[in-house]
Amino acid sequence: MLDPHLIRADLDAVARRLARRGVELPTARLSELEGARKAAQIATQELQQERNARSKAIGQAKARGEDGASLMAEVGALGDRLQAAERRLEEIQDELNEVLLGIPNLPHDSVPDGRDEADNLEVRRWGEPAAFDFAPRDHVDLGAKLGLLDFESAARIAAARFATLSGPLARLHRALIQFMLDLHTTEHGYREVYVPYLVNADSLTGTGQLPKFEQDLFKIQRPDADGALERSLYLIPTAEVPVTNLVRGEILEAEDVPRRYVCHTPCFRSEAGSYGKDTRGMIRQHQFEKVELVQIVRPEDSYAALEQLTAHAETVLRRLGLPFRTVALCAGDMGFSAANTYDIEVWLPGQQRYREISSCSNFEDFQARRLQARWRRPQGKKPELVHTLNGSGLAVGRTLVALMENCQDREGRIHLPAALHPYMGGVSVIG
RNA sequence: GGAGAGGUGGCUGAGCGGUCGAAAGCGGCGGUCUUGAAAACCGUUGAAGGGCGACCUUCCGGGGGUUCGAAUCCCUCCCUCUCCGCCA
């Protein structure tokens with residue numbers, strides 16, 4: 001959520017910055033609501049003040065042993081007016097809040113202009129795509145040839161857009177998770193956490209998935225005692241949600257502040273809007289594993305943290321020897337809650353292009369405001385909002401795809417990088 | 001699932017219809033003392049919102065209700081703890 005003060009103070013500047021994302025701020029409606037809010041709030045508070053003063057007088061009269069009946073008669077008439085004023089104020093605030101919750105974050109000044117993916121800016125590139133002296137297969141063909149990757153059984157068990165892995169490929173998948181967790185905990189200073197995979201609506205509102213993107217989520221309805229459907233939970237679309245919510249409603253002490261978490265979870269995405277994209281293979285699935293990096297930092301440190309976190313994610317690819325490039329997302333391509341985002345894209349020989357394997361974002365105080373996640377500066381000042389960041393470190397399924405496609409030989413065998421050998425029980429070649 | 005007990009400020013914890021936004025302790029901050037620190041002592045210290053301001057409003061797990069007035073009474077939901085049952 002944006003700072004309401006900022007919106008009040010300079011609505012046009014906010015609108016201009018949002019226009020870079022291709023978002024039109026409903027300025028007329030906002031200023032109308034804000035005006036109504038102010039009037040209603042002042043009116044309500046005046047009535048409350050009057051009621052409080054008179055009620056107090058009744059109390060004092062009674063304490064003196066007086067009757068107070070005449071005073072009570074005076075206040076009676078106030079009740080209805082107060083209630084009406086309170087209702088009206090609540091209505092306006094609900095409406096205002098609804099609008100506010102639907103406004104995306106402001107892009108940082110350093111974010112390049114642009115409408116979509118095509119306008120993203122490459123900031124660096126690492127590794128050389130291998131020159132194959134044969135036509136490289138994509139992971140679907142490789143998996144089928146190896147007999148270790150199968151979409152039909154997954155469709156039978158569940159539905160389209162699921163996959164089953166078996167044997168050494170299933171082990172490789174697990175090995176990648178262990179490798180990533182070990183790297184980030186032992187070398188990059190993250191604390192490993194295990195969290196719920198089902199979360200409530202408040203958590204999703206906190207990180208920004210709700211209210212706007214409910215259609216992307218799998219929702220679990222829980223029948224209550226009467227069989228009525230209430231108290232829904234949602235399957236997490238990313239560990240970002242439960243992990244960032246670790247600090248929801250907290251006031252952290254200064255020495256407790258940078259917090260760095262790493263967490264492996266499955267992720268579940270309904271992605272109702274994107275059918276038809278990446279239908280082949282395991283690039284876009286309803287269920288996938290991810291190792292996520294989350295940082296809770298002091299506001300002044302968040303941009304340094306973004307560089308650091310992105311580098312931590314890149315390190316995974318470096319260790320695996322997978323060629324990648326890092327792009328700065330343009331304003332139009334960034335996610336709802338992000339102020340600044342780097343995508344890391346890995347080279348996929350099967351597609352002859354770089355594909356997103358990690359997205360590292362600084363949310364500044366946007367999520368923190370929704371979460372009421374705060375910290376106290378050393379000198380015992382007022383609590384201030386923290387800044388939050390996260391990034392995949394990495395998406396496991398896509399890493400598996402990249403390994404298969406980049407490390408294949410003419411016969412369709414997969415030659416694993418040395419970094420994974422300890423996690424594979426000595427197996428260095430699959431197939 | 002059954003029975004019971006609870007949810008109060010950064011933390012612990014009192015209050016159970018009327019100056020209670022809330023005692024006390026811890027912690028934090030400021031000061032005295034000290035070469036410095038600790039200890040001791042004194043003072044101070046919740047959050048959010050509104051108003052140009054003097055100030056005002058809201059908040060005692062969430063929501064609803066009773067009342068002139070609710071942390072305190074009622075309803076409901078959520079959560080925590082103890083015992084029993086069941087269970088990976």
Side-chain angles (χ1 to χ4, degrees), chain A residues 1-9 31 33-97 100-101 194 196-206 220-234 242 245-257 259 296 365 368-386:
Chain A
M1 196 156 77
L2 299 180
D3 184 354
H5 296 109
L6 186 65
I7 292 179
R8 273 176 228 157
S31 44
L33 277 170
E34 174 53 27
R37 189 230 91 224
K38 189 164 171 173
Q41 183 162 346
I42 290 172
T44 304
Q45 292 186 355
E46 277 172 0
L47 287 168
Q48 286 170 330
Q49 184 180 355
E50 198 175 334
R51 178 207 57 196
N52 291 347
R54 294 194 183 199
S55 292
K56 191 173 276 188
I58 292 169
Q60 286 167 340
K62 289 212 167 176
R64 273 183 261 111
E66 294 164 22
D67 166 23
S70 61
L71 284 169
M72 269 157 61
E74 276 180 62
V75 201
L78 256 179
D80 289 345
R81 280 204 294 153
L82 213 199
Q83 197 171 51
E86 283 175 340
R87 292 254 152 85
R88 169 150 174 72
L89 177 60
E90 198 187 330
E91 270 170 35
I92 294 167
Q93 278 175 331
D94 286 350
E95 217 173 319
L96 197 54
N97 205 34
L100 255 27
L101 282 175
Y194 170 81
Y197 301 157
L198 288 164
V199 295
N200 58 40
D202 285 345
S203 292
L204 287 154
T205 303
I220 310 294
Q221 299 275 18
R222 285 192 294 173
D224 67 13
D226 306 324
L229 296 177
E230 273 307 327
R231 296 165 47 208
S232 307
L233 291 173
Y234 298 81
N245 272 275
L246 285 171
V247 295
R248 166 147 61 98
E250 295 281 313
I251 300 175
L252 305 175
E253 296 303 327
E255 63 272 17
D256 193 23
V257 168
R259 283 206 189 178
I296 313 296
D365 63 13
R369 186 169 293 106
R370 290 169 164 247
L371 294 160
Q372 280 303 297
R374 293 169 293 173
W375 73 297
R376 216 183 284 279
R377 284 189 185 275
Q379 292 312 314
K381 300 258 178 61
K382 290 259 179 196
E384 261 181 62
L385 296 171
V386 296

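The sequence lines fix the lettering, A, B, ..., with proteins before strands; numbering per chain opens at 1. All values below come from the heavy atoms of this structure, side chains included, with hydrogens, waters and symmetry mates left out. If you're wondering where the values come from, they're calculated on a predicted model, not measured in any experiment.
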If each of A/Gln60 and A/Gln93 is mapped to the nucleotide of RNA chain B with the nearest heavy atom, which maps nearer the 5' terminus, i.e. the 5' end?
A/Gln60

Using the P atom as the point on both nucleotides, what is the distance between B/rG49 and B/rG10, in whole Å?
15 Å

Do you know the tightest heavy-atom contact between A/Ala373 and A/Val247?
CB-O, 3.5 Å

Looking only at the side chain of A/Pro383 (C-beta and beyond, no hydrogens), which of the listed nucleotides B/rC68, B/rA47, B/rU57 gets closest?
B/rA47

Kindly point out which of B/rA47, B/rC68, B/rG65 is positioned nearest to the side chain of A/Lys62?
B/rC68

Distance, C1' atom - from B/rU67 to B/rG18, rounded to whole angstrom:
12 Å

Contact between A/Met1 and A/Asn97 at the side-chain level, heavy atoms closer than 4.5 Å - yes or no?
yes

Integer-rounded Å distance: B/rA47 P and A/Leu385 CG:
14 Å

Test item: A/Gln49 and A/Gln45 side chains (from C-beta on) under 4.5 Å apart, heavy atoms
no

Nearest to the A/Arg376 side chain among B/rG10, B/rC68, B/rG64, which nucleotide is it?
B/rG10

Which listed nucleotide (B/rC68, B/rC56, B/rG51) is nearest to the side chain of A/Gln45?
B/rC56

According to the Watson-Crick and G-U wobble definitions, with both distances under 3.5 Å, which nucleotide is paired to B/rC87?
none

Re B/rA3: Watson-Crick or G-U wobble partner, both distances kept under 3.5 Å, found to be B/rU82

Go through B/rC56, B/rC68, B/rU58 for me and flag the one nearest to the A/Gln48 side chain.
B/rU58

With heavy atoms under 4.0 Å as the rule, sort A/Arg369 into base, sugar-phosphate or nothing.
nothing

For B/rG25, which nucleotide is its Watson-Crick or G-U wobble mate, given both distances must be under 3.5 Å?
B/rC11

Please state whether the phosphate of B/rA48, meaning OP1 or OP2, lies under 4.0 angstrom from any side-chain nitrogen or oxygen of A/Arg374.
yes

Atom CZ of A/Arg377 to atom C1' of B/rG10: distance rounded to whole Å?
18 Å

Whole Å only: how far is the CD1 atom of A/Ile92 from the P atom of B/rG49?
18 Å

Applying the Watson-Crick and G-U wobble criteria at under 3.5 Å, what pairs with B/rC16? Answer none if nothing qualifies.
none

Using Watson-Crick or G-U wobble geometry with both distances below 3.5 Å, tell me the partner of B/rC60, or none.
none

A/Ile251 and A/Pro383: which non-hydrogen atoms are nearest, and at how many Å?
CD1-CG, 4.0 Å

Closest nucleotide of RNA chain B for A/Glu90 versus for A/Ile251: which of these residues is on the 5' side?
A/Ile251

Does A/Lys56 put a side-chain nitrogen or oxygen below 4.0 Å from OP1 or OP2 of B/rG69?
no

Rounded to the Å, how far apart are A/Leu6 CG and B/rG49 P?
14 Å

Side chain to side chain contact (heavy atoms under 4.5 Å, CB included) with A/Ile296: of A/Asp256, A/Leu371, A/Val257, A/Leu252, only one passes, and it is A/Leu252

Taking only the P atom of each, what is the distance from B/rC59 to B/rU72 in whole angstrom?
11 Å

A/Gln83 has an atom CD; how far is it from atom P of B/rG69, in whole Å?
10 Å

Can you tell me, in whole Å, how much space there is between the C1' of B/rC26 and that of B/rU32?
22 Å

Between B/rU66 and B/rC55, how far apart are the P atoms? Round to whole Å, please.
35 Å

Quick one: A/Gln41 CD to B/rU57 P, roughly how many Å, whole number?
12 Å

Atom NZ of A/Lys38 and atom C1' of B/rU57 are separated, to the nearest Å, by 16 Å

Tell me the partner of B/rU32, counting only Watson-Crick (N1-N3 plus N6-O4 or O6-N4) or G-U wobble (N1-O2 and O6-N3) with both under 3.5 Å; none if nothing fits.
B/rA40

A/Arg88 atom CZ: more than 12 heavy-atom contacts under 6.0 Å:
no

Take atom CZ of A/Arg248 and atom P of B/rC79, then tell me their distance rounded to the nearest Å.
13 Å

Which whole number of Å gives the distance between the P atom of B/rG2 and that of B/rG13?
29 Å

Contact under 4.0 Å: A/Asn52 side-chain N or O vs B/rU58 OP1/OP2
yes

State, without any angle test, whether A/Thr205 and A/Asp202 hold a side-chain donor-acceptor pair at a distance under 3.5 Å.
no

Spacing of the P atoms in B/rG53 and B/rC68 (rounded, Å):
36 Å

Are A/Arg51 and B/rU58 close enough that a side-chain N or O sits under 4.0 Å from OP1 or OP2?
yes

What are the two closest non-hydrogen atoms of A/Gln372 and A/Arg369, and how far apart are they?
NE2-O, 3.1 Å

Tell me which nucleotide among B/rU58, B/rU19, B/rG51 gets nearest to the side chain of A/Ile42.
B/rG51

With rounding to the closest Å, how many angstrom separate the P atoms on B/rG30 and B/rC20?
30 Å

